[in-house]
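Some notes on the structure that comes next.
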Amino acid sequence: GKLIAGDTTKIHGLDLATRDYFQASIKGDDFISQVVVSKGTGHNVFAVSVPVKHEGKIIGVLAGSIWLDKLVDLFIKDVKIAETGYPYVADSKGMMLAHPKKEFIMDLDVSQFDFGKAALAMKVGHYYYEFEGVEKLQAFHEVKECGWFVSLTAPVDELLAGIRAM
């Protein structure tokens, strides 16, 4: 479980044996972790890991950590659905993992709202709902490998504007 290589030498030797991703991959499974606070950086991260094998025997684990901030910067913050819609990602319990409003990340629990309950229960689909007086449509899909769901949400009026203009 000792880290032998990383992007900085200050984390070499760090013991990761207790992390769920290490435990899964040392037993032979590919794994995507839930979000944790990195022991090395203090950032919110998730890990992706696979077993390393030699002649059929597991000899180690290859793992990488992905910062939630980077996920948001690359895939969320600049995406617009219609005029004001946006994507977001929540975990299997409803905790917000990626959102254009950074204050929602790891703070907003979408399972407390009807649209979040619908996504968690249905796993794949769409749902009409009202939020802050605006009728919205969300489309969502579960990422089965980790139980997260990716959602796209936008005001219905914006989504139908082109059709109504005909």
Side-chain angles (χ1 to χ4, degrees), residues 1-54 58-81 85-127 131 136 138-154:
K2 298 279 186 191
L3 186 68
I4 60 171
D7 61 351
T8 175
T9 57
K10 74 178 185 174
I11 61 174
H12 291 181
L14 194 62
D15 187 358
L16 301 174
T18 61
R19 294 295 198 180
D20 54 357
Y21 59 87
F22 180 87
Q23 289 295 316
S25 291
I26 202 70
K27 293 175 184 168
D29 297 324
D30 297 352
F31 194 79
I32 301 173
S33 78
Q34 293 300 314
V35 174
V36 296
V37 176
S38 168
K39 287 183 176 182
T41 66
H43 288 273
N44 289 323
V45 300
F46 63 96
V48 178
S49 64
V50 295
V52 176
K53 296 179 181 180
H54 179 70
I58 298 170
I59 60 169
V61 172
L62 176 64
S65 294
I66 301 170
W67 292 13
L68 280 185
D69 290 348
K70 297 294 183 190
L71 178 74
V72 171
D73 289 346
L74 290 171
F75 301 108
I76 302 291
K77 79 172 187 176
D78 294 327
V79 176
K80 289 285 180 225
I81 312 301
Y86 52 86
Y88 70 86
V89 179
D91 73 11
S92 61
K93 294 179 180 133
M95 182 55 64
M96 187 68 69
L97 301 179
H99 192 283
K101 292 183 178 178
K102 291 198 176 198
E103 63 269 19
F104 288 170
I105 297 170
M106 299 304 294
D107 192 52
L108 181 67
D109 180 356
V110 298
S111 73
Q112 301 303 307
F113 300 92
D114 60 341
F115 62 88
K117 289 176 186 171
L120 290 167
M122 295 169 57
K123 309 290 186 199
V124 176
H126 66 278
Y127 186 77
F131 189 73
K136 293 187 168 194
Q138 108 173 322
F140 48 87
H141 197 284
E142 179 187 36
V143 180
K144 290 182 182 174
E145 291 80 4
C146 57
W148 300 355
F149 68 92
V150 177
S151 180
L152 307 174
T153 185

Check the angle between the aromatic planes of Tyr88 and Tyr86 and answer parallel, tilted or perpendicular using the 30° and 60° thresholds.
-> tilted

For the residue pair Pro100 and Pro87, what are the closest heavy atoms and their distance?
-> CD-O, 3.5 Å

N/O donor-acceptor pair under 3.5 Å between His99 side chain and Lys101 backbone = yes

How long is the span from the CZ atom in Phe131 to the CG atom in Asp114, to the nearest 0.5 Å?
-> 9.5 Å

Looking at side-chain heavy atoms only, is the closest gap between Asn44 and Val37 below 4.5 Å?
-> yes

Is there a side-chain contact between Ile81 and Thr153, using heavy atoms and a 4.5 Å cut-off?
-> no

Go through the steps for Trp67 and Asp73 under the test side chain to side chain contact (heavy atoms under 4.5 Å, CB included), then give the verdict.
-> CA-CA 10 Å; Trp67 292 13; Asp73 289 346; over 6 Å; no

Mark yes or no for whether Asp109, through its side chain, and Ser111, through its backbone, hold a donor-acceptor pair below 3.5 Å.
-> yes

State, yes or no, whether a side-chain contact exists between Pro51 and Asp30 at a heavy-atom distance under 4.5 Å.
-> yes

Measure across Val72 and Leu97 and return the closest heavy-atom pair with its distance rounded to 0.1 Å.
-> CG2-O, 4.4 Å

For His141 and Val150, run side chain to side chain contact (heavy atoms under 4.5 Å, CB included): C-alpha distance rounded to whole Å, both residues' side-chain angles, the deciding distance at 0.1 Å, then the answer.
-> CA-CA 6 Å; His141 197 284; Val150 177; 5.6 Å; no

Rounded distance [0.5 Å steps], CG in Asp20 versus CG in Asp29 | 12.0 Å

Given the rule in the salt bridge (charged side-chain N to carboxylate O under 4.0 Å, His left out) test, do Lys77 and Asp69 qualify, once you have shown the distances and angles that lead to the verdict?
-> CA-CA 10 Å; Lys77 79 172 187 176; Asp69 290 348; over 6 Å; no

Is there a side chain to side chain contact (heavy atoms under 4.5 Å, CB included) between Val110 and Phe149 once you walk through the steps?
-> CA-CA 11 Å; Val110 298; Phe149 68 92; 3.9 Å; yes

Find the distance between SG (Cys146) and CZ (Phe46) and round it off to the nearest 0.5 Å.
-> 7.5 Å

State the CD-CE distance between Glu103 and Met106, to the nearest 0.5 angstrom.
-> 15.0 Å

Closest non-hydrogen atoms of Lys117 and Gln112, given as atom of the first, atom of the second and distance, are CE-C, 4.4 Å

Give a yes or no answer on whether the side chain of Glu145 reaches the backbone of Ile32 with a donor-acceptor pair at less than 3.5 Å.
-> no

Minimal heavy-atom distance between Ile59 and His54, with the atoms involved, is CD1-CB, 3.7 Å

NZ of Lys144 to OG of Ser92, rounded to nearest 0.5 Å, is 15.0 Å

Does the pair Met122 and Phe140 meet the rule for a side chain to side chain contact (heavy atoms under 4.5 Å, CB included), with working shown?
-> CA-CA 9 Å; Met122 295 169 57; Phe140 48 87; 3.9 Å; yes

Is Ile105 close to Leu68 at the side-chain level, that is, under 4.5 Å between some pair of heavy atoms?
-> yes

Exam field: side chain Ser65 to backbone Val45, donor-acceptor pair closer than 3.5 Å | no

If you round to the nearest 0.5 Å, how far is OG of Ser33 from CD of Gln23?
-> 13.5 Å

Which atoms form the tightest heavy-atom contact between Ala98 and Leu71, and what is the distance?
-> CB-CD2, 4.0 Å

Considering all heavy atoms, the nearest Glu142-Gly147 contact = OE2-CA, 3.8 Å

